[in-house]
There are 2 protein chains.
Amino acid sequence: MLGSVLPGAPDLDPIDAAILRELGRDARASFARIGAVVNLSAPAVKRRVDRLKRRGVVDGFTVRLDPGATGWGTEAHVEVYAAGSTRPAVMKEAFEQYPEIVAASTVTGDADAVVHVRARDMTHLEEIVERLNAEPFVVRTRSSVVLTPLVRRPDVPVQP
Amino acid sequence: MLGSVLPGAPDLDPIDAAILRELGRDARASFARIGAVVNLSAPAVKRRVDRLKRRGVVDGFTVRLDPGATGWGTEAHVEVYAAGSTRPAVMKEAFEQYPEIVAASTVTGDADAVVHVRARDMTHLEEIVERLNAEPFVVRTRSSVVLTPLVRRPDVPVQP
DNA sequence: TATGAAAACATGCCGGG
DNA sequence: CCCGGCATGTTTTCATA
């Protein structure tokens, strides 16, 4: 099997997967409640979660916010076309300066990077795009503004 | 002010913002620890969190997983070009069938929707794209495969 | 797995702005 | 009246064995 060659992808135990699914649904659930679902005692669940954290499978726990309710309802995907062979590290450093950038990655295809931007409104979004265009390594950008969010899930699937 | 017209965006109290920032950092932190940061007692923090949940600002709590460590290291943005005037609801229903789709939205620009796909490997990704192309309403797709993730943040910013 | 001490949580009541 | 602090009974966590 290919998967087990990778040092960090040890075919996830089905019980671990169940625990991760529960944590995905409610990361503040008590170990006892999770244990009730997966048929394990609370300490057993805690040990598994600790192990998953140690292995780096679990990176942490966060709150899921409603973007609209917090006043960050405007969203866009911005394709960035970079100069010559701009190093990814350069782009990373630049993008990290923007609190409005919630995700960014280099990609294959016409553009060099795709940036996911959240803003308070269109004016704010426009300002961000302008600032991006003013970055020294940016040649041009191409934006797609989100009209209707259709699907939004915990961003790593856990096999059932 | 424009913001206060929206029923769900009541200029977030600075203490609430601080609490949300802490929860974003570690959603399993005890109310007492959060209270120590924001200078409030544990019950006071709990009441505020409950209120934020009631208002819909807080949607829940989830676990943050390392995609690589779980064997879902391949990622792509797929632009979907849909037939005629396909209703968003139709796309939504279709996309929801795919566990590999972690986000999707209709957008402005050339394409009609952008779909964020996570897969185990390239073969898996290819299969998903083929299945998408086979959807009745899909005219064509255009994929950007992620090379290097640069930024990944809790997907709603909280103003400091 | 089980157990017991320590910590965290939920709730009711009261005071101050 | 809203909001925060305190006190208490209950549950959960966590380190033993």
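Keep in mind that the numbers below use all heavy atoms, side chains included, and drop hydrogens, waters and symmetry copies. By convention in this document, chain letters (A, B, ...) are assigned in the order of the sequence lines, proteins followed by strands, and residues within each chain are numbered from 1.
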Enumerate the protein-to-nucleotides 12-17 of chain D contacts in which both atoms are nitrogen or oxygen and the separation is below 3.5 Å.
from, atom 1, to, atom 2, distance (Å)
D/dT13, OP1, A/F31, N, 3.3
D/dT13, OP2, A/F31, N, 2.9
D/dC14, OP2, A/K46, NZ, 3.3

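Rounded to 10°, the angle separating the first-five-pair axis and the last-five-pair axis of the helix from C/dT1-D/dA17 to C/dG17-D/dC1 equals 30°.
The pair A/D155-B/R152 meets the salt-bridge criterion, since a charged nitrogen lies less than 4.0 angstrom from a carboxylate oxygen. Between A/R142 and B/D110, at least one side-chain N (NZ, or NE/NH1/NH2) sits under 4.0 Å from a carboxylate O, which counts as a salt bridge. A salt bridge is defined here as a Lys NZ or Arg NE, NH1 or NH2 lying under 4.0 Å from an Asp or Glu carboxylate O, and B/R48 with B/D13 meets this definition. Ion pairing of A/K46 with A/D50 is present here, as a side-chain N (NZ or NE/NH1/NH2) and a carboxylate O approach within less than 4.0 Å.
Screening A/H124, A/R118, A/R120 for a side chain to side chain donor-acceptor pair (under 3.5 Å) with A/E100, the sole residue that qualifies is A/H124.
Nearest heavy-atom pair across A/A44 and A/L40 is CB-CG, 3.8 Å.
In this structure, CG of B/L52 is placed 14 Å from C1' of D/dC3, rounded to the nearest angstrom. Rounded to a whole Å, the CD1 atom of B/I15 is 17 Å from the P atom of D/dC2.
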- Give the intermediate values and the outcome of side-chain hydrogen bond (donor to acceptor under 3.5 Å, both in side chains) for residues A/T141 and A/N133. CA-CA 7 Å; A/T141 62; A/N133 272 300; 3.0 Å; yes
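A side-chain donor-acceptor contact under 3.5 Å links B/R153 to the backbone of A/E96.
Between D/dG4 and B/S41, no contact under 4.0 Å exists linking OP1 or OP2 to a side-chain N or O.
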